[in-house]
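First the structure, in the form of structure tokens, and then the observations on it.
This structure is a prediction, so every number in the text was calculated from the model and none was measured. Hydrogens, waters and symmetry mates play no part in the numbers below; they use all other heavy atoms, side chains included. Note that the numbering runs from 1 along the sequence shown for the chain.
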Amino acid sequence: MGNLQNLLKEIDDILNSSGDLQTQPPLAQLEKQDDELLKALQQYFQYDTFRHGQREIIEAILNEENVFAVFPTGHGKSLCYQLPALMLPGTTVVVSPLISLMKDQVDALKARGIESVSLINSTLSWEEYRLELNRLKQNKIKLLYISPERLRSRRFLDILNSVLISLFVIDEAHCISQWGHDFRPAYLSICDAIDTLYPRAIALFTATAPPDIRKDILKILQIPEPRVLVQGMERPNLRLAVHKSEDEKQKYTLLEKNIGSLKGNGIVYAGRRSETEEIADFLQKQGYRADYYHAGRELHERKQIQEAFFDDSGNGLDIVVATNAFGMGIDKPNIRYIIHWTVTGTLEEYCQEVGRAGRDEKDSDCLLFYFHEDRELHEWFIKESAPDKPSLLKLLRTLENLKGTGQYRLVAIDELELEVSYKIAKIQVGLAYLEKLGFLKRWHNVPSQVSVRLRTQPTDGTSVPSKLYTHLRQRRMTDILSFCRDLELSPRRVMEQLAELQSEGHLQYWGKDDLMLIELLKDSELLASLSEEQMGLGDYVKYKRSRIDKMVRYAAADECRTKVIRDYFGEEVSEDYRCGTCDNCLTNAVM
């Protein structure tokens with residue numbers, strides 16, 4: 001242990017000395033010390049070896065290089081930032097899109113005896129939030145998980161800026177790109193956060209970013225060119241196969257034929273909610289313990305299904321039939337098969353979903369039932385969600401006409417759906433496009449009503465938070481918009497100041513996070529003056545269709561399926577490459 005601590009001090013000294021970096025890089029030190037990096041791996045995680053590609057990423061991070069790592073799902077990308085975080089001085093910030101993913105990783109690290117980890121999100125109580133902020137200020141947190149929305153708080157950035165940020169990690173980095181299959185506008189605030197925090201190194205991780213997505217991400221972030229490390233999309237334990245179907249009815253024949261030979265737990269992914277229910281019913285009648293999962297089910301039902309699927313006692317579910325709502329956070333190591341009833345809209349989505357199989361590195365099957373008319377479902381999705389000038393104008397004008405305060409509106413998506421008569425998917429894409437064009441900015445998970453319990457008066461009576469505290473003494477807030485309207489305050493600033501007052505212990509507030517706060521930046525008259533070409537609206541449809549084309553190419557391919565995937569993600573593979581395990585490789589080998 002003493003040798004490791006001495007080495008880490010030497011690494012820190014080297015990282016802080018530009019002269020030493022030229023003559024004695026940290027990586028050389030690691031090699032000379034009987035591979036202390038491997039010793040750290042054994043100490044913290046009890047692993048004897050690195051998986052292919054992990055060490056290269058970790059060494060680059062320890063050498064203060066910016067990295068962009070594209071790793072297949074289930075290949076251990078989280079260790080690539082967790083280990084250097086524990087070795088580097090200061091704090092590593094990890095931006096992650098799902099609270100459940102953060103919690104799983106924090107719980108797993110604590111189970112290994114690593115206590116210098118934390119997450120800060122909306123699930124924390126006031127006391128827990130205060131405790132974690134104090135730990136952060138006392139430099140007791142090496143690895144801090146946060147949501148991207150948290151970075152929109154100036155107060156929180158100021159707190160982060162008071163500690164040394166050695167590494168800034170963006171997990172699921174494809175969420176940054178407007179073309180990514182899971183675009184999340186809050187990720188756009190990361191650019192400002194990086195400029196504020198100035199971390200020593202930046203690391204981006206994703207399992208699903210082909211070259212054009214990576215280019216878009218780097219264009220948005222505007223960070224120094226990172227070292228791009230693409231780990232092969234090949235997972236030798238995953239047996240890829242496609243079964244072509246003449247019609248929907250034949251898929252049931254394929255399901256009955258194949259599922260009898262598949263052992264263990266599996267997931268069947270379907271494109272429509274109604275299909276998940278019908279397929280689950282079919283499997284139940286065949287004697288399987290199966291249930292369906294989609295976003296239309298109640299939250300407690302979805303939780304029960306997930307728990308039953310993770311139950312390996314023999315009393316849980318054999319199969320979950322689901323839409324892609326059963327997605328991120330499904331980290332069950334022994335899923336033995338993934339069946340796709342319908343082609344996905346992109347090859348990235350397909351790779352992410354099949355990547356949930358065989359995380360224990362044992363053989364697992366990934367079957368796709370391909371019917372050529374499946375494409376029509378995704379064409380319909382594009383048509384339903386694609387923004388056009390009239391729909392964007394209607395959406396923006398509707399927002400302008402909603403009751404609010406100044407340029408701010410508090411909006412419930414379901415109410416907005418009634419106002420504009422669009423599907424929620426079209427509204428979400430429209431809002432994202434308006435934000436991309438600079439017409440608005442959004443804050444998610446804002447409470448419509450807030451209850452406040454006052455504690456201690458801030459000592460600086462002239463500060464903005466102190467003035468807010470005084471207003472709250474005179475009138476306890478319930479409805480945020482009416483409170484802000486009466487006092488001529490910005491809702492965004494009020495929420496930020498409430499968070500500041502709470503973090504300093506002056507008050508406690510709570511409310512159901514059920515709304516979206518929208519700040520209108522430009523008016524509809526300006527939008528009306530723009531052409532669809534200037535808005536880039538045709539690019540959306542063209543891009544989405546090109547993604548479907550590539551997915552269909554995979555399904556119809558007669559060459560090695562792994563080669564098709566690796567080509568798509570920009571890997572260099574020889575023309576005669578063969579994985580040896582997909583259906584096409586096995587068929588051609590027989591021939």
Side-chain angles (χ1 to χ4, degrees), residues 97 148-149 152 174-189 213 216 220 271 295-296 323-325 345-346 349 377-404 406-446 448 491-492 513-548:
E149 287 81 7
R152 285 184 166 175
H174 57 272
C175 295
I176 296 172
S177 172
Q178 62 167 318
W179 303 120
H181 69 272
D182 193 20
F183 173 57
R184 185 159 171 171
Y187 264 66
L188 300 179
S189 60
I213 297 291
D216 190 45
I220 292 169
T323 61
N324 60 9
T346 70
E349 291 175 69
L377 173 65
H378 296 291
E379 290 282 2
W380 181 84
F381 282 146
I382 292 174
K383 182 180 178 181
E384 286 296 299
S385 64
D388 53 52
K389 184 174 178 178
S391 66
L392 290 180
L393 266 174
K394 183 177 181 180
L395 183 57
L396 184 56
R397 284 170 177 161
T398 300
L399 291 170
E400 288 173 339
N401 291 329
L402 291 177
K403 189 176 181 181
Q407 70 269 41
Y408 292 96
R409 306 289 185 271
L410 268 177
V411 177
I413 287 292
D414 54 352
E415 292 178 4
L416 194 56
E417 184 182 16
L418 293 174
E419 290 283 344
V420 297
S421 301
Y422 297 151
K423 297 288 186 182
I424 286 181
K426 191 177 186 73
I427 292 173
Q428 290 173 331
V429 172
L431 290 172
Y433 233 87
L434 288 170
E435 184 161 11
K436 170 183 172 289
L437 293 170
F439 281 84
L440 57 82
K441 194 168 185 177
R442 293 175 292 171
W443 285 264
H444 296 269
N445 303 321
V446 176
S448 55
R492 178 174 66 86
D513 294 344
D514 54 352
L515 298 181
M516 178 189 303
L517 177 64
I518 294 178
E519 181 182 9
L520 300 174
L521 302 175
K522 301 175 185 176
D523 62 33
S524 54
E525 288 187 15
L526 177 59
L527 184 65
S529 70
L530 301 178
S531 67
E532 291 207 352
E533 184 178 358
Q534 288 173 311
M535 297 179 193
L537 297 178
D539 296 340
Y540 177 88
V541 174
K542 186 186 301 183
Y543 184 85
K544 289 292 186 181
R545 285 179 174 160
S546 73
R547 282 301 192 254
I548 301 174

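For Ala528 against Arg397, the heavy-atom pair with the smallest separation is CB-NH2, 4.1 Å. Contact record, Lys389 with Leu530: NZ-O, 2.7 Å, taken as the closest heavy-atom pair. Taking every heavy atom of both residues into account, Leu440 and Leu431 meet most closely at CD1-O, 3.8 Å. Between Arg547 and Thr346, the shortest heavy-atom contact is CB-CG2, 3.7 Å. The two residues Val541 and Ala386 make their nearest non-hydrogen contact at CG2-CB, 3.8 Å. For Ile427 against Leu395, the heavy-atom pair with the smallest separation is O-CD2, 4.0 Å.
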Do Asp216 and Ile213 pass the side chain to side chain contact (heavy atoms under 4.5 Å, CB included) test, and can you show the C-alpha distance, the side-chain angles, and the key distance before you say yes or no? CA-CA 5 Å; Asp216 190 45; Ile213 297 291; 5.7 Å; no
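Here Arg409 contributes atom CZ and Met516 contributes atom CE; the two are 14.5 Å apart, rounded to the nearest 0.5 Å. With rounding to the nearest 0.5 Å, the separation of CG in Leu437 from CG in Leu521 is 11.5 Å. Between the CZ atom in Phe439 and the CG atom in Leu526 there is a gap of 4.0 Å [rounded to 0.5 Å]. For the atom pair NZ (Lys426) and CG (Asp388), the distance works out to 5.0 Å, reported to the nearest 0.5 Å. Here NZ of Lys542 is found 13.5 Å from CD1 of Ile382. Values are rounded to the nearest 0.5 Å. Atom NZ of Lys544 and atom CZ of Phe381 lie 11.5 Å apart (nearest 0.5 Å).
Residues Arg545 and Glu379 meet the side-chain proximity criterion, which asks for heavy atoms closer than 4.5 Å. Within the 4.5 Å cutoff, no side-chain heavy atoms of Glu532 are placed close to those of Pro387. A heavy-atom distance below 4.5 Å is not found between the side chains of Leu402 and Leu410.
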Using distance only, find each side-chain donor-acceptor pair of residues 416-424 under 3.5 Å and give its atom names and separation, not counting sequence neighbours.
none

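Partners of Ser385 according to the side-chain hydrogen bond (donor to acceptor under 3.5 Å, both in side chains) rule, which considers only residues two or more places apart in sequence or in another chain, are Tyr540.
For Glu533, the CD atom sits in a loose shell: 12 or fewer heavy atoms of surrounding residues, nucleotides or ligands are nearer than 6.0 Å.
The side chain to side chain contact (heavy atoms under 4.5 Å, CB included) with Gln407 is formed by just one residue from the set Glu519, Glu400, Lys522; it is Glu519.
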